[in-house]
There are 2 protein chains.
Amino acid sequence: MSKSTSRNTTIQDIAKELNVTAATVSRALNNHPRISEATRQAVAEVADRLNYTRNRVASSLRSGKTNVIGVIIPSAKINFFGSVVHGIETMANERGYNVLIYQSNEDTEYEKKGIQAFLSARVDGILASIAKDTRDISHYLDARDKGVPIVFFDRTNDDTSIPYVVVDDYKGGYLATEHLINQGYKRIAHVSGQQHLKIFAERLRGYKAALKAYKLPFEKELVFAGNVSIESGKEAVKHFLSLPEPPDAIFAVEDFTALGVIKELKENKIRIPEQFGVVGFANEEFDEHITPALTSVDQQTVTMGKEAFNLIMDMINKKVVRNVDNKKVILEPLLQPRASSQR
Amino acid sequence: MSKSTSRNTTIQDIAKELNVTAATVSRALNNHPRISEATRQAVAEVADRLNYTRNRVASSLRSGKTNVIGVIIPSAKINFFGSVVHGIETMANERGYNVLIYQSNEDTEYEKKGIQAFLSARVDGILASIAKDTRDISHYLDARDKGVPIVFFDRTNDDTSIPYVVVDDYKGGYLATEHLINQGYKRIAHVSGQQHLKIFAERLRGYKAALKAYKLPFEKELVFAGNVSIESGKEAVKHFLSLPEPPDAIFAVEDFTALGVIKELKENKIRIPEQFGVVGFANEEFDEHITPALTSVDQQTVTMGKEAFNLIMDMINKKVVRNVDNKKVILEPLLQPRASSQR
DNA sequence: GTGAAAGCGCTAACAG
DNA sequence: CTGTTAGCGCTTTCAC
């Protein structure tokens, strides 16, 4: 492969060409208010002719602002996060920001490395979804105390000093359960997720509240403690069908669990939705393509990303890092009724 | 929200503390060979105590290396690209690189903006998957001529001066078709994608080659010109079923097309795989969850990302930007047989 | 509206 | 093995 080419042109080069100083060129390029239209245009013309591209590294060093925000996600392979990143990057584009990404692989150690990398890169802010096995978030708080604003999305935590954007999981659980009740199902079960994660606990809470609102009894044996997997959906069905009085509907904590539920029900020749109703959570891509199509709760992932970006922009512009206004964005969950629950 | 905190500590601060110069501290932190173990440790200790984090912005400006690579993808929402990014970021992590992301939205103008942003950020290299409607890649070549190495992945182009990593689409098309032949299907049709995109043209070429190898005639009316969508799969089936002599199997250019094919076949009460075989391409997540499960060709997305990163690292280290070695990585497509094609 | 001067924090070349 | 010196390319006072 051949050698790379020569040095980039700088504002000095432009300055020389026009017999002005670099400061003037800088002002012209940055649309400084007190610069004459004539020089602005002359500079633009020469910059274009010399094929100039601003060196953001130098400008960042001088100004103390990088126009970069860092995003920490568990994995780019997971649909949900890809979709949120899409929202973040779209907003960032509009506002002239660049987006660095870092994967935690659900591991606190990687999370720390990511934060360290972002601090070194002097990002203007950090957006993060906490790794599943992270309980202590002091590494985030340390970064915050170093002056970097942080906003959590989806996976958050009880610390109120950090703004966050989440979907209303409680309401989502409520809506899902209510929908099954309205469709005439009488004994509604729930396959839950790990309860130390707030999002899953909230969905269970919503399930309970809906039962109560419609004067249906809450029965402990109708909640199966799953772990967010196809397998746990299958096991839940096996368990429920072995009960003396089995349920006739299941609200699963998320779509893969619901998928397992559907597979196992089919295995047992139970007709969905006639004999048994199923609702999931997340509105995964496959939901509308399986048979029967799966009713689910949409989490507005793209909006989540956009709102998270807006929150961090706000903090950056106001030069604040602690959430003393107690800012947060709670998105509405959207029920997507499909065949699996409508009779 | 409360105010942000004070100034970051610098190598000057550490130097003062130890009565050495900044240069020594810099060397110690960078594990320069000719530095005494004693000072190295002393520096490490003070750096730790003062809570020092290296300012990569400054070091990039001085050294001319940012340790950042830029990645241009059509959209982070698309599974395939999320998965490739996962591979890229995983390698980058290991090698101490950061990853900047930019979405082209399949639009050449955004693509240009992305390249411009990356040039400004002085990234050490660019990995890109070309937008669908981009035919002229001169914006990439311009960046290359400015000294930034570029590697394409998946969506590539005929310009041989840029290294790339792709899956062997020709072979994938061949394998898919051969599989249907081996399963005893006699008249095998193809729903194609936009032919100006090499990946789709290659799959068609593989289809033709397999027919030839097994001495089956190629019939023009058995190729439906689709546009990579569920809809085009449905239309293809309508077209094929209207033929005097309809086919008994379809190799679809990718999984969403195949999904449309399956939906329309079911609509017409045609039994899959007994009466009709279907094979897709991409091995999307939903493939194994639909009924019948869809046979597909896996593209090794994560490996693709890793290999792309390795190629760019190689160019960066050798300080070359043109692909005079004619480097490329061609990944093996992996057939994933499932219910939709096995009788 | 523009110039002069300084410096952001780091690394690299040259000494010794 | 360490110090000295210089400067990467830009922005930002402070002048005038």
Side-chain angles (χ1 to χ4, degrees), chain A residues 4 6-44 46-47 50-68 96 119-124 146-147, chain B residues 6-44 46-47 50-68 96 119-124 146-147 319:
Chain A
S4 87
S6 57
R7 188 179 73 76
N8 279 303
T9 66
T10 72
I11 55 173
Q12 302 286 355
D13 301 330
I14 301 176
K16 245 174 239 161
E17 190 98 359
L18 289 169
N19 277 318
V20 294
T21 64
T24 303
V25 175
S26 172
R27 292 191 188 103
L29 291 171
N30 290 305
N31 292 316
H32 187 95
R34 296 191 311 184
I35 200 91
S36 79
E37 191 52 32
T39 44
R40 195 198 313 282
Q41 293 201 354
V43 167
V46 177
L50 298 186
N51 210 348
Y52 171 77
T53 27
R54 157 222 281 269
N55 186 335
R56 262 196 203 260
V57 178
S59 90
S60 296
L61 177 62
R62 178 62 237 245
S63 69
K65 229 180 143 307
T66 53
N67 273 45
V68 170
L119 289 177
S120 278
R122 296 294 191 266
V123 298
D124 291 344
K146 279 204 156 196
Chain B
S6 57
R7 187 180 74 74
N8 279 302
T9 65
T10 71
I11 56 173
Q12 301 285 355
D13 301 329
I14 301 175
K16 246 173 238 162
E17 190 96 0
L18 290 169
N19 277 318
V20 293
T21 63
T24 303
V25 174
S26 173
R27 291 189 190 108
L29 291 171
N30 291 306
N31 292 315
H32 187 97
R34 296 190 312 184
I35 200 93
S36 79
E37 192 51 32
T39 43
R40 196 198 312 282
Q41 293 201 353
V43 166
V46 177
L50 298 186
N51 210 349
Y52 171 79
T53 28
R54 156 222 283 269
N55 186 333
R56 260 195 203 261
V57 179
S59 95
S60 295
L61 178 60
R62 179 60 238 244
S63 68
K65 230 181 142 307
T66 53
N67 273 47
V68 170
L119 289 177
S120 277
R122 297 292 192 265
V123 298
D124 291 344
K146 279 202 157 200
K319 296 199 198 328

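Below, chain A is the first sequence line, B the second, and so on; all start at residue 1. Everything numeric here is computed off the predicted structure, so don't read it as measured data.
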Using the test side-chain contact (heavy atoms from CB on, under 4.5 Å), find all partners of A/Asn30 that sit at least two apart in sequence or belong to another chain. A/Ser26, A/Arg54

What residues form a side chain to side chain donor-acceptor pair (under 3.5 Å) with A/Asp13, not counting sequence neighbours? A/Arg7

What residues form a side-chain contact (heavy atoms from CB on, under 4.5 Å) with A/Gln12, not counting sequence neighbours? A/Thr10, A/Ala22

By side-chain contact (heavy atoms from CB on, under 4.5 Å), which residues pair with A/Arg27, not counting sequence neighbours? A/Ala23, A/Thr24, A/His32, A/Ile35

Protein-nucleotides 13-16 of chain D N/O pairs under 3.5 Å:
unit_1	atom_1	unit_2	atom_2	d
D/dT13	O4	A/Arg27	NH2	3.0

A/Lys65: which residues meet the salt bridge (charged side-chain N to carboxylate O under 4.0 Å, His left out) condition with it, sequence neighbours left out? A/Asp124

Not counting sequence neighbours, which residues clear side-chain contact (heavy atoms from CB on, under 4.5 Å) with B/Ala42? List them please. B/Leu18

Applying side chain to side chain donor-acceptor pair (under 3.5 Å) to A/Arg62 and not counting sequence neighbours gives none

Angle between terminal axes - the helix from C/dG1-D/dC16 to C/dG16-D/dC1, 5 pairs each end, rounded to 10°: 30°

Considering just the side-chain nitrogens and oxygens of B/Thr21, establish if one lies under 4.0 Å of OP1 or OP2 belonging to D/dG3. yes

Presence of B/Ser36 side-chain N/O under 4.0 Å of D/dT2 phosphate oxygens OP1/OP2: yes

Reading DNA chain C in the 5' to 3' direction, which nucleotide is the first one with an atom under 4.0 Å from a heavy atom of chain A, and which is the last? C/dG1 to C/dG9

Please work out if A/Asp13 contacts a base, only the sugar-phosphate, or nothing of the nucleic acid, heavy-atom cut-off 4.0 Å. nothing

List the residues meeting side chain to side chain donor-acceptor pair (under 3.5 Å) with A/Asn19, not counting sequence neighbours, and say none if there are none. none

Those residues at least two apart in sequence (or on a different chain) that pass side chain to side chain donor-acceptor pair (under 3.5 Å) with A/Ser36 are A/Thr39

